[in-house]
Amino acid sequence: MERYDAHAIEAKWQKVWADERIHEVPNPAPGDDTSRLMYVLEMLPYPSGELHVGHVKNYTMGDVVTLYRRRNGWRVMHPMGYDAFGLPAENAAIKSGKHPAIATRENIEAIRRQMNRMGWSIDWTRELSTSDPAYYRWTQWIFLRLLEAGLAYRRESPVKWCPVDQTVLANEQVIDGRCERCGSEVEAKSLEQWFFKITDYAQRLLDDLEQVHWPERVVTMQRNWIGRSEGAEVVFRAAHDPSIELPVFTTRPDTLFGATFFVLAPEHPRALELARGTEHEAAVADYVRRTGALSAVERLAEKKKTGAFTGRHVVNPVNGEEIPVWVADYVLMDYGTGAIMAVPAHDERDFEFAREYDLPVRPVVAPSDGELGEESAYIAYSDDEVLINSGQFTGMSATEGKRAITEWLEREGKGRSRVAFRLRDWLLSRQRYWGCPIPVVHCPTDGIVPVPDDQLPVELPDIEDYAPKGRSPLAAAEDWVQTTCPRCGGPARRETDTMDTFVDSSWYFMRYADPDNDRAPFDREVVDAWLPVDQYIGGVEHAILHLMYARFFTKALYDLGYVGFVEPFENLFTQGMIYYLGAKMSKSKGNVVVPDEMVARYGADTTRLYSLFLGPPDQDAEWQDGGVAGQHRFLARLWRLVNDTVERHGPGIPESVAADGAGAELVRKTHWAIDKATKDIGERFAFNTAQSAVHELVAGIQDARDADPEQVRFACATAVSLIHPYAPHIACELWERLGGERLWDVPWPAADPAMLAVDTVTYAVQVNGRLRGQIDMPAEAEQAAVLAAARDVPNVQNHLDGRTVVKEIVVPGRLVNLVAK
RNA sequence: GCCGAAGUGGCGGAACUGGCAGACGCGCCGGACUCAAAAUCCGGUGGCCGAAAGGUCGUGAGGGUUCGAGUCCCUCCUUCGGCACCA
């Protein structure tokens, strides 16, 4: 018998599939039945190097789902593309001296070759790359639609600025408040940046999580990221000038009477203005400049709270009390209103600050027994709190007080109930070369003018020096930057920032549906037929940003009438990370397992099989080199058994066989394996245990070689059929040798329920919950008969000796427990 | 600090709604085949006691509920992930 030659078989079948174009799934024609369309998608790879085994696991999972669904009568779209813009490609290019476009193209070619070698069922007619002008033309088009809708905007945003190098610094380039390169003190500066108004969608992004089937932990992460809080906005006014309004957001309006001071974030527009003309002016200005240079991490790392008194006071609207206004960096500008009322008795951070600067602490809520206890313990509060020192509201419960005070503020025009979100607008501009150009021009007369649709794409200029300099490298391409204003025709300058790569990946799953469209990003009807994605599969590291941004884009495009669905990904499966030699697999640690060597040694089928056998796919797993050999052994065994069967008995694929004679057990086992594999793949995504079932079936074939040839053929054919989604090459080859053809079109096997029923069941017999024996009983045996047989077991009798059975428990088909005293 | 996930043999893991813990695979031990090796096949493999039958302990720790707990409840420990001065 010939040996199992994985390479020959894999080459043969990959050619057959390509020649017959079996993975190409065209769009439905008008009038086609779209009820059996399915869209299976894995997150697209970043073409920074070669694929590693984490990719193998990810894409094999999607492939198993695809092949399985196709054989269950679904028309499955399974596309692939590349998230090709971005920093890693650019950094690699700077290092190697290769232009990012060239490096990216080479990487894509290598990855495509690897993917084909793995035998994944990818529809290459839908392939896309986000750095391709034919793609990013439409990224720009969508950007312009969002701009028109007011969902893209430009505003000043604080950045770190090195006054010597005259450049913007990334947070990582600031060390101890100093420039990494020249060591000069970093300053806070405002720069014009582009944003998407994702905060407009905060509530919907939260609410619609109800309608997707996603892992709970991902939903939780998204909820926390959106961070909805209910509370009130309360308007304080400056004591020296009541026209100056200073609203705050608080979740504890019930503690309003406990506000003993007031704090502005250093970036607050009123901070410097308030201090002006007081003796504290210089100190406040100094504080604002110093803290502005610190990163968020450094601010947090300070052991003590810091701040500066402005010399001014505001009036507490609820009792007319004047309280001092401070500036302190523990208050964040981009949450709430950038200002807070400080209630040190009931907020840990305010308490700390009050201690530091000796400010008064006044409790206004107390446990219902009225015992206040230690000062620092006020902040610990519970449900049964009652307001004290709170004027007309004294005596109310905290919950009641919250509502009553908010209502009072609304009546008096001094505040209102309000919801705040932690979610911030999406800063999308990047001062880097390798990204999608933002399609606007800056005109001295007309301001920001969008590039007309018919002039898209604004192509990335081919420049020599794309190293980052703080400002975008594009600014150096003077020929490209100089343009004319589409509105007035006068001289204008192009926007030189590029887009965050997350923009590119926020709509790619729509483009797959209609990849060659050159009149629009996609046709609405086609996209609506395929989307939302039925099954999305990818790494949990994208649980927040990518998934949130894609959801935002989908909702915005829905509102603009371009798509008919509000959530992009109906079902999400997040795969765990792969560990190797005890650490997360990563290039920097040098412990990356590249599939190529494994494919060269064992073939793609073995590699695919092992990638899903390592453990539950949603959990982290340790890659074990030895485990791969075990899967190869399994395939070689299947190879031998099937070929041996064909040699001895001739080919044949029986539809069904009777469970009698020497192979009765084998036939039952075959149906059991069908049932188990079907449930594990189709319902549970338990790819590892589905494989175990096929292992057991193959072991069964090996043990029952004397069964009727028809029974052996049936078991062999079924094992081949069940392993096909995992190891399609060897499965197609063996199927052919068994006399079948086009296994990929053969309906998935169905277990015969009658064959799953057994006529004899083994009962475990327990005495007082401890196992004392086993009995075999006919499946339909009466409880009384089971009990009688159980008591009959000699070892059971030993343990019952001298005791009375006080309770008898029979779990039908499973166990008997005799409770004895 | 807050939120979430997970702790089971030498290792990866199985046990779906509370019902025989350790399926399947790796590794290891023994045997067959072989001059020998590889490959393959057969058998064994949680700890302790025992020649065996069998007994006993055992799913991170400690309690609880139950006839019965890896699974449910409480307290705690460890690891990993997310968020992190969000008022």
Side-chain angles (χ1 to χ4, degrees), chain A residues 3 215-225 227-229 231 248-252 255 263 265 296-297 299-300 302 305 328-332 334-343 346-350 352-353 420-424 540-541 543-544 576-577 579 584 609-610 613-616 618-631 633-634 636-637 640 676 679-680 683-684 686 688-696 699 702-703 762-774 794-795 798-799 806-820:
Chain A
R3 285 177 54 109
E216 199 46 50
R217 61 173 167 160
V218 176
V219 170
T220 304
M221 277 194 248
Q222 293 234 332
R223 280 208 187 102
N224 293 342
W225 187 259
R228 183 182 195 273
S229 297
V248 300
F249 172 75
T250 177
T251 54
R252 298 291 308 275
T255 63
V263 189
V297 180
R299 281 192 188 188
L300 196 56
E302 293 174 330
K305 296 250 180 300
D329 67 359
Y330 81 93
V331 174
L332 308 175
D334 49 8
Y335 181 75
T337 63
I340 62 154
M341 63 175 205
V343 185
H346 306 292
D347 182 282
E348 241 177 298
R349 298 148 302 176
D350 296 345
E352 239 182 90
F353 191 81
F421 294 94
R422 307 170 71 132
L423 185 69
R424 312 284 151 85
V540 72
E541 66 273 19
I544 299 176
M577 310 242 205
Y579 286 71
K584 210 176 284 181
L609 219 40
Y610 182 63
F613 190 66
L614 357 118
D618 56 337
Q619 279 169 36
D620 294 345
E622 172 86 22
W623 186 273
Q624 294 192 330
D625 292 317
V628 187
Q631 297 309 305
R633 264 200 286 277
F634 159 72
R637 189 175 307 137
R640 273 195 315 276
K676 171 97 176 131
K679 284 181 178 150
D680 284 354
E683 294 164 25
R684 298 205 306 149
N688 52 333
T689 51
Q691 270 188 67
S692 297
V694 185
H695 286 174
E696 289 191 56
Q702 190 149 280
D703 291 344
T762 303
Y763 280 82
V765 183
Q766 298 179 337
V767 177
N768 290 337
R770 311 183 140 236
L771 184 68
R772 299 301 178 192
Q774 292 190 331
N795 196 37
N798 290 342
H799 284 90
V806 294
K807 196 167 183 183
E808 295 165 330
I809 288 149
V810 179
V811 182
R814 289 194 164 272
L815 66 70
V816 177
N817 189 13
L818 303 172
V819 186

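Per chain, numbering begins at 1; letters A, B, ... match sequence-line order.
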Quiz item: Which listed nucleotide (B:G55, B:C85, B:C83) is nearest to the side chain of A:Y330?
Solution: B:C85
Quiz prompt | Nearest-neighbour nucleotide for the A:Q702 side chain, B:G55, B:U56, B:C41 considered | solution = B:C41
For a quick test of reading the model: is some side-chain N or O of [X] closer than 4.0 Å to OP1 or OP2 of [N]?
X      : N     : result
A:R684 : B:A15 : yes
A:S692 : B:G13 : no
A:H346 : B:A87 : no
A:R772 : B:G55 : yes
A:R770 : B:C57 : yes
A:R814 : B:G68 : no
A:N688 : B:A14 : yes
A:N817 : B:C20 : no

Quiz item: Does any N or O donor sit under 3.5 Å from an N or O acceptor when you compare the side chain of A:K305 with the base of B:C85?
Solution: yes
Self-check item: Side-chain-base donor-acceptor pair under 3.5 Å for A:Q774 and B:C20
Solution: yes
Report which part of the nucleic acid [X] touches: base, sugar-phosphate, or nothing (heavy-atom distance under 4.0 Å, all strands).
X      : result
A:I544 : sugar-phosphate
A:E352 : nothing
A:R223 : nothing

Self-check item: Pairwise P distance, B:A32 and B:A36 [rounded to whole Å]
Solution: 11 Å
